[in-house]
Amino acid sequence: MTERELPSNAQIADAFDLIADLLDIEGGQSRHRILAYRRGATRIRGERQSVATLALAQRATELPDIGSTLQDKIVELCDTGQMAALVRLCERIPAGLASIARLQEIGPKRARAVWSTLGVVDLEGLGGALADGRLATVDGIGPKTITAVTEQLAALARGADLNERIPAGRAYPLAAELVEVVRQVAGVTRAEIAGGLRRGSETVHDIDIAVATTDVAAVQRAIATSRLVAEVLSSGERGSAVATHAGIRAEFRFTPPESFGNLLQHLTGSKAHNVRLRERAVRAGRSLSEHGVSDSDGQVTRCADERAVYALLGLPEIDPELREDTGEIAAAEAGLLPTLVTVEDLRGDLHVHTTWSDGHDSLVDMVGAARDLGLEYIGISDHSKALAMARGLDADRVRRQWDEIDAINAANPGITVLKACEVDVLADGALDHDDDLLAGFDWVTASLHSGFRQAQRQLTDRILAAIDNPFVNAIGHPTGRMFGKREGYPIDLEAIVERAAATGTALEINAQPKRMDLNADMARRALAGGVRLIIGTDAHSTTELAVRRYGIAMARRAGAAPERIVNCLPLAQVQAIRQESTARR
DNA sequence: GCCGTTTTCGGCCCGACTGTTTTCAGTCG
């Protein structure tokens, strides 16, 4: 049997999106048929398992939004490498028009107008028509649209990605500042971050902020004059959109306080979640919008908080991180929603660095900062000697650090300081500290910092070897991914989860915003496999302890309850986990 | 094209803003 290359979920989704775009440009189609292709594409793109494999087993129709027609097309793509329907469509509508339609301010109707009026069929032709002034002659395209197209084509020419996603770690601090700007305004009773940031997404495309106010004009003024805002893109009674100096778009939406719950719910999304909720409302003879819930005779009920919105739909409140239309509404209805871990549940942090290795702050300062956050224990986990660039510790320096920790604990610092480490997993799978030294720690995290170019089998074997060491309690940043720098190295997560579950080894959710590793999907798979998670800040300074919020976001999106997170457990239980492990020796 | 507490046909989520218009279609979220 020959092994064939199956199309990825992204490739399948791209094909369906292209069909939708071209049908839209062609016009005359049922918009619901187009929507069905788009929904199918979105579903497939967000699916964790291989949809091609599912389709070949005639099981893709088990997914929501995927019917027999889409499944047949996926099978066809697997078998022949193309979809006949798409090929025929491309013969009628030039595929390059889809790229034009995806430009901001253009869309399918104007793309069609550009084609029928000028004969332009792709972005290159659009650039030509823009340069010689023909574009401005097309019906429905005025000076503002010309400006928008000019800017976008210039950005594309620079190699920019128009759909660039911004890591949450870059957007969140700005969003928090923007919320404060409007909270200072008289008449504002509440303001909250909404959108993908509130749902704990790894990346977002903009910042959404819901504002409850009795004085819209005052809020508009405060936004327009904020030092953070570069340009007001649009402004109305219901909201303002701005470009910030940080280069991130922010959208504010205003509401009277009595319907703040409706607005916050609406603006938090996800879009797919909201669509499901509205469909549910319609079935109950109601209509849901950001203004309220109206019943069949037009009576509108406004909700000051989200709980009331969900209650009107017969549901318990669903945590924002779960609102992705992945079965959370059914789970809510059945009373099966998990109680998600919160920042307040964190009792300790077992992954922090100090000036002993590559940290910026001293051990005593890190201890003090952790105590001030209300933590019960902190594990000082500096690097091992192989990471010379980070001034990793050898056995001699480890023992001297232990002396310092003993002295601090003896002085009653108001928090228990644990002897921990982040030991390197070397290229051959050996650990960078020998077992005698590892036995003396209170907690050991093993991480890969080198040899990322090895094959998946080799990388996985190194991690499995580390897991098998009875002195290892956790695997740090298991995939090594870094936003904007590198993809995670390839690992066989199922094999790692299985071994980690068997040995009681925790897998880390590294909370550094550039890492967020494990991500939510992988963390969910780890939980399903019976593994404990641990949220490590990997803080290299006292202020970095605050990044725990990003780790919590991943854990919540994974559906994690606090009892499944090692550092939400009382110290005695953490110590018991360590003792059980070393007893295997 | 998908789907079903209205179940194999006939529905399918809601609203705001903008630009290009002469009262609204297109686009966006």
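Quick caveat: nothing in here was measured; it's all calculated off a predicted structure. Throughout, protein chains are lettered first and strands after them, A, B, ... in sequence-line order, and every chain is numbered starting at 1.
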Say you pick atom C1' in B:dC13 and the same atom in B:dT18; how far apart are they, in whole Å? 22 Å
Between B:dG15 and B:dG10 - C1' atom distance, rounded Å: 25 Å
When you compare B:dC12 with B:dT22, how far apart are their P atoms, in angstrom units rounded to a whole number? 32 Å
Whether A:R45 and A:D14 form a salt bridge (side-chain N of Lys/Arg under 4.0 Å from carboxylate O of Asp/Glu) is what I want to check. yes
Contact string for nucleotides 10-18 of chain B, one letter per nucleotide 5' to 3', B = base within protein heavy-atom range under 4.0 Å, S = sugar-phosphate only, - = neither, reads --BBSSSSS
Over how many whole Å does the gap from A:F252 atom CZ to B:dG29 atom C1' extend? 16 Å
Atom CG of A:L23 and atom P of B:dC2 are separated, to the nearest Å, by 13 Å
How about CD on A:E494, more than 12 heavy atoms from neighbouring residues, nucleotides or ligands closer than 6.0 Å, or not? yes
A:E279: salt bridge (charged side-chain N to carboxylate O under 4.0 Å, His left out) partners, not counting sequence neighbours: A:R39, A:R276
Roughly, in whole Å, what's the span from CG in A:L86 to P in B:dG1? 13 Å
Could you go through A:Q104 and A:Q152, starting from their C-alpha distance and side-chain angles, then the distance that decides it, and tell me whether this counts as side-chain hydrogen bond (donor to acceptor under 3.5 Å, both in side chains)? CA-CA 8 Å; A:Q104 301 257 313; A:Q152 291 177 85; 5.6 Å; no
To the nearest Å, how far apart are A:E26 CD and B:dG1 C1'? 16 Å
Nearest-Å distance for atom pair CZ/P, residues A:R31 and B:dG1: 16 Å
Starting from C1' on B:dG29, measure out to CZ on A:R249 and report it in whole angstrom. 9 Å
B:dC2 and B:dT8, which share atom name C1', separated by this distance in whole Å: 12 Å
Value in whole Å for how far the C1' atom of B:dT5 lies from CG of A:L315: 14 Å
Go nucleotide by nucleotide along DNA chain B from the 5' end; which of A:Y37 and A:I141 gets its closest nucleotide reached first? A:Y37
Atom C1', compared across B:dT21 and B:dG29: separation rounded to whole Å: 23 Å
What is the distance from NZ of A:K109 to P of B:dC24, rounded to the nearest Å? 18 Å
Rounded distance in Å between the P positions of B:dG11 and B:dT7: 13 Å
